[in-house]
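Indexing begins at 1, ligand by ligand and atom by atom, following the structure's order.
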Amino acid sequence: MTAIGLLLLLAAPAHAVEPVTVVEATGYARTSLYQDVIDFLYQVERTSSLVALAPLTTSAEGRMVPLVIMSKERVRTPAELRATGKRAVLIVANIHAGEVEGKEACQMLIREIGSGRLAALLDAQTILVVPIFNADGNDKLGKNRRDAGPELAGVRHNGQYLDLNRDYTKLESPEVQALVRLFNAWDPALFVDMHTTNGSYHREPVTYTTCANPNVSPLLTDYMWKKLFPAAAATLAKKYGWDSLPYGEFADHANPDKGWLNDTIEARYGTNYFGLRNRLSILDENYSYADFKTRVLASFAFVRAVLEFTGANIGEIAALEQKADVETAAAFCQRPFAVEATIEKLMDVTVRSFEFSKQPIKPEDKTKYPPWVGDVLIRPTEVLRDYTVPYLALATPKRTVPLPFGYVVLPGQDEAVRIVQAHGIAVERLLGDCHMEAVRVVVEKVELAKNIFQGHVLVSLTGHDEKVEVELPAGSVFVDMRQPLARLIPVLLEPTSTDSLAAWGFFNRTLVRQWSNEPGSYPVLRVGGRPPVPMLVANGD
Ligand SMILES: [Zn+2]
């Protein structure tokens with residue numbers, strides 16, 4: 001070959017061969033390994049002007065976690081996105097690396113958009129995809145799921161033995177820290193988090209829900225349940241042929257008529273957390289007992305249906321979220337904040353399911369089953385049966401606390417302040433001492449959980465409020481509730497919030513002191529106005 005011939009060969013576009021996913025190449029027997037995903041993404045990126053790749057972060061074990069940016073304008077940064085005037089929509093898969101069909105569906109989506117076949121999805125929006133969020137868990141293959149394939153899959157935890165979907169308030173993993181940085185920088189209008197569920201037996205391959213925390217803006221949840229979900233579910237059924245259902249499980253497995261329940265309301269879960277940021281979120285849970293091919297194709301079609309909806313309605317969604325931001329900054333602190341909730345009926349749902357056989361479990365055999373199985377072993381029979389039952393998914397405040405104008409974090413809590421700032425919450429540092437009225441929490445009891453959870457011994461506090469005149473020292477940090485992320489602030493700083501920094505143990509050193517029988521003090525005060533002293537916005541460094 002001549003030198004010129006060689007040059008021509010090197011310059012030839014590589015688009016002749018389109019990439020094939022591991023599931024497609026193996027007849028849906030295997031799921032992709034980390035390197036398979038990376039190779040696949042590089043192959044798409046090389047041949048498509050619609051796809052750019054960026055590192056989201058480096059995992060605990062040193063793997064690059066890829067972020068795929070798809071746009072018509074070749075957007076690569078948040079600044080470039082802002083220049084287009086468009087909004088981003090974000091899909092994350094494989095947060096639990098044993099739940100793998102989302103990772104496969106995302107690769108197909110990236111190829112279909114990258115090839116131009118689904119390029120119309122980019123007309124009005126930029127699409128961000130993190131197809132393999134838990135890169136470290138992915139290749140630790142084992143028979144990690146007792147379901148309908150693939151034969152082997154990765155593990156739930158990341159390289160630090162953390163469940164990433166419990167890390168959204170305390171932010172201890174590089175993966176979730178990076179995703180929250182992405183939320184702050186790219187401000188996606190919607191976040192889809194893809195999982196697999198092995199709860200109750202039913203026939204729909206796709207289930208979905210949104211933020212269920214009682215402190216979310218109802219503007220957002222109303223939009224999801226009344227508009228987005230009905231439209232996306234109709235598209236999924238009529239255009240793509242897949243049934244879907246709001247996410248949940250039978251409240252009583254032995255008596256399905258009692259209701260269909262989702263009581264996962266804590267802010268530590270990604271889709272609840274994202275809702276508290278005044279943005280739309282979708283928890284996609286695909287049905288574990290459906291065969292693997294069905295799960296891949298149905299979840300791919302679900303994401304496609306959602307993206308078709310957001311593409312057609314992104315202006316309306318952006319306006320809704322802006323309204324939620326304005327309302328939150330102006331008035332959220334005037335409302336009571338729910339620290340405990342009861343779960344009530346949101347609406348009726350029809351679960352396409354089965355008649356069940358029930359076999360009582362002998363007392364001596366109970367230890368063979370996980371505690372949630374109860375007293376009766378339930379198995380689906382061949383007889384199909386639909387249950388129209390209440391969907392128990394509306395978290396209604398049971399115990400509330402009044403919110404202050406703002407909080408003051410006393411000096412000595414740098415780690416806690418760094419976490420507050422990492423969420424994107426604005427904080428200001430007092431430049432001098434000052435005197436003001438405040439409400440302090442008088443701690444009466446510090447109780448510890450019996451078991452370790454996510455590496456922590458959860459702390460619960462009992463106490464009462466006391467109005468005091470205080471000297472605030474220079475270096476204290478003021479957190480003003482008049483900001484769009486105000487819903488997150490009491491989640492982190494109220495002493496009895498289930499996901500507070502106190503609950504996760506970040507105030508332990510102040511709460512319990514050495515050589516003292518006296519209870520320590522809670523290092524966060526509630527204040528009714530801005531501290532009367534010059535302050536500087538702290539920039540997070
Ligand atoms: Zn999961």
Side-chain angles (χ1 to χ4, degrees), residues 31-32 34 37 59 65 90-107 129-150 152-170 172-173 175-176 179 191-202 204-213 244-249 260-275 281-290 292 294-296 298-300 302-303 306 370 372 393 453-454 499:
T31 188
S32 43
Y34 171 77
V37 178
S59 69
V65 180
L90 170 69
I91 322 283
V92 173
N94 224 52
I95 182 168
H96 294 143
E99 306 173 9
V100 291
E101 65 271 7
K103 174 185 60 182
E104 305 302 339
C106 280
Q107 290 174 78
V129 183
V130 181
I132 183 164
F133 187 46
N134 182 359
D136 289 349
N138 189 72
D139 288 9
K140 297 187 173 83
L141 294 178
K143 292 184 186 301
N144 295 316
R145 294 197 69 89
R146 297 147 293 156
D147 53 27
L152 299 172
V155 294
R156 187 177 179 87
H157 55 79
N158 81 336
Q160 302 160 292
Y161 291 88
L162 286 174
D163 183 333
L164 296 176
N165 203 25
R166 306 292 183 273
D167 195 38
Y168 281 88
T169 49
K170 59 189 173 60
E172 292 179 305
S173 63
E175 292 89 353
V176 176
L179 200 63
F191 161 41
V192 184
D193 192 15
M194 302 184 77
H195 293 251
T196 315
T197 178
N198 58 355
S200 299
Y201 298 100
H202 54 83
E204 297 88 346
V206 172
T207 75
Y208 51 80
T209 193
T210 186
C211 178
N213 188 281
S244 62
L245 167 76
Y247 168 66
E249 60 182 313
W260 186 246
L261 172 71
N262 172 33
D263 59 0
T264 306
I265 64 173
E266 289 89 355
R268 69 189 64 148
Y269 297 87
T271 47
N272 290 334
Y273 169 79
F274 199 66
S281 67
I282 298 178
L283 173 67
D284 160 46
E285 291 271 7
N286 306 302
Y287 181 56
S288 171
Y289 305 106
F292 187 41
T294 295
R295 297 206 311 269
V296 172
S299 64
F300 171 68
F302 177 64
V303 167
V306 168
W372 49 263
F453 176 65
Q454 298 300 314
D499 264 295

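The CZ atom of Phe300 lies 13.5 Å from the CG atom of Asn286; values are rounded to the nearest 0.5 Å. Interatomic distance, CD1 of Ile95 versus CE of Met194, reported as 13.0 Å (0.5 Å rounding).
Among protein atoms, those of element N, O or S found less than 2.8 Å away from the Zn ion (ligand 1) are His96 ND1, Glu99 OE1, Glu99 OE2, His195 ND1.
In this view, Tyr161 and His157 satisfy the side chain to side chain contact (heavy atoms under 4.5 Å, CB included) rule, not counting sequence neighbours. Contacts of Glu249 classified as side chain to side chain contact (heavy atoms under 4.5 Å, CB included), with partners at least two apart in sequence or in another chain: Ser200, His253. Tyr287 is linked by a ring pair (Phe, Tyr, Trp, His ring centres under 6.0 Å) to His202, Tyr289, counting only residues two or more places apart in sequence or in another chain.
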ask   = Is there a side chain to side chain donor-acceptor pair (under 3.5 Å) between Ser173 and Gln160 once you walk through the steps?
value = CA-CA 8 Å; Ser173 63; Gln160 302 160 292; 4.8 Å; no

